[in-house]
*Asks:* 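This structure is in structure tokens; I'll ask about it shortly.
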Amino acid sequence: MSDPRMHSMHLESQPRRDQFRAARQALQAACGSHTIGGDLRILSPDEALHAPTLAPPPNSKAPGRFTFYLKDGSDVFPLRMGLNSVGRLPDNDVVIRDECVSRRHCAVLVHTDMRCELHDVASKNGTLLNGKKIGGPTRLQSGDQILLCNKRLTFHVVEASHESAVAS
């Protein structure tokens, strides 16, 4: 596992580390090794068909005319194609400064076919989507409410032409 956002060294106890590793394995299966590993090699057409979340170069946006983001009050967290980690640690893609939120709490996958999924990565307090605790990968839709302890994030998908309206 080469993605530092998915290492389990931050966990003190073996049972929690095992839970995190199982969640990480499920997450890796959902997005493929290209996203987790950041493997940017050129794929053959056959390989590309089996890589639903092929990771583009860092800091690139989702292709096409859509933008994906999480919003917490006035804070906006842009999401990129592939794996977006959410938690307390400063190397997460979305950093939530709340002691109740796990260091690696959850992840949002943005697939190249525009599907988005929410994954809990063995967080201590769980991840709720629209008021219900998720037990596995759960599909996201624009307007969904993600609750991490007392932090409420709203997931949004916006057409590029509407981005300027969102920023104001």
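Note that the structure is a prediction, hence the values are computed from the model and not measured.
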*Asks:* Kindly compute the distance separating CZ (Phe155) from CD (Gln141), expressed to the nearest 0.5 Å.
*Replies:*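 Spacing of CZ (Phe155) from CD (Gln141) equals 9.5 Å.
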*Asks:* What distance separates Ile134 CD1 from Glu117 CD, expressed to the nearest 0.5 Å?
*Replies:*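 Ile134 atom CD1 to Glu117 atom CD measures 10.0 Å (nearest 0.5 Å).
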*Asks:* To the nearest 0.5 Å, how far apart are CG in Asp144 and CG in Asn130?
*Replies:*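 Answer rounded to 0.5 Å: 4.0 Å.
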*Asks:* Would you check if Met114 and Phe66 make a side-chain contact, meaning some heavy-atom pair closer than 4.5 Å?
*Replies:*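 In short, these two side chains touch, coming nearer than 4.5 Å.
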*Asks:* What do the steps show when you test Ile146 against Leu70 for side-chain contact (heavy atoms from CB on, under 4.5 Å), and what is the final call?
*Replies:* CA-CA 9 Å; Ile146 301 168; Leu70 294 175; 3.8 Å; yes
*Asks:* Answer yes or no: is there an ion pair linking Asp91 with Arg104, defined by an N-O contact shorter than 4.0 Å?
*Replies:*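 So Asp91 pairs with Arg104 through a salt bridge.
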*Asks:* How many angstroms lie between CZ in Phe68 and NE2 in His111, if you round to the nearest 0.5 Å?
*Replies:*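 Rounded to the nearest 0.5 Å, the CZ-NE2 separation comes to 10.5 Å.
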*Asks:* Regarding Asp72 and Arg152, does a basic nitrogen lie under 4.0 Å from an acidic carboxylate oxygen?
*Replies:*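 Salt bridge absent between Asp72 and Arg152.
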*Asks:* State plainly whether the residues Asp98 and Arg88 are in salt-bridge range, i.e. N to O under 4.0 Å.
*Replies:*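 No, no charged N to carboxylate O under 4.0 Å.
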*Asks:* Is the shortest side-chain heavy-atom distance between Asn125 and Val101 below 4.5 Å?
*Replies:*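 Side chain of Asn125 against side chain of Val101, heavy atoms only: no contact under 4.5 Å found.
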*Asks:* Distance check, rounded to the nearest 0.5 Å: Lys132 atom NZ versus Leu128 atom CG?
*Replies:*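 The CG atom of Leu128 is 11.0 Å from NZ of Lys132, to the nearest 0.5 Å.
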*Asks:* Check the pair Val86, Asp93 against side-chain contact (heavy atoms from CB on, under 4.5 Å), reporting the backbone distance first and the verdict last.
*Replies:* CA-CA 6 Å; Val86 181; Asp93 299 298; over 6 Å; no
*Asks:* Search all heavy atoms of His105 against all heavy atoms of Leu148 and return the closest pair with its distance.
*Replies:*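 So the minimum-distance heavy-atom pair works out to CD2-CD2, 3.3 Å.
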*Asks:* For the pair Leu79 and Val94, evaluate side-chain contact (heavy atoms from CB on, under 4.5 Å) and give the outcome as yes or no after the intermediate values.
*Replies:* CA-CA 8 Å; Leu79 302 174; Val94 177; 4.1 Å; yes
*Asks:* Closest heavy-atom contact between Val76 and Tyr69?
*Replies:*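 Distance-wise, the nearest heavy atoms are CG1-CD1, 3.6 Å.
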*Asks:* Given side-chain contact (heavy atoms from CB on, under 4.5 Å), test Leu109 with Asn84 step by step and report yes or no.
*Replies:* CA-CA 6 Å; Leu109 288 181; Asn84 296 273; over 6 Å; no
*Asks:* I'd like to know if the side chain of Asn92 and the backbone of Val95 have a donor-acceptor N/O pair within less than 3.5 Å.
*Replies:*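 Not at all, since once roles are kept as given, no pair shorter than 3.5 Å links the two residues.
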*Asks:* Treating Ile, Leu, Val, Met, Phe, Trp and Tyr as nodes and any side-chain heavy-atom pair under 4.5 angstrom as an edge, say whether Leu147 and Ile96 lie in one connected cluster.
*Replies:*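 No; Ile96 is not reachable from Leu147 via cluster members.
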*Asks:* Side chain of Ser85, backbone of Ala107: donor and acceptor closer than 3.5 Å?
*Replies:*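 No; judged by distance alone, with no hydrogens or angles, the pair does not exist.
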*Asks:* Rounded to the nearest 0.5 Å, what's the gap from OG1 on Thr127 to NE2 on His119? Could you check?
*Replies:*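 It is 11.0 Å, given to the nearest 0.5 Å.
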*Asks:* Using the test salt bridge (charged side-chain N to carboxylate O under 4.0 Å, His left out), find all partners of Lys133 that sit at least two apart in sequence or belong to another chain.
*Replies:*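 For Lys133, no residue satisfies salt bridge (charged side-chain N to carboxylate O under 4.0 Å, His left out) once neighbours in sequence are set aside.
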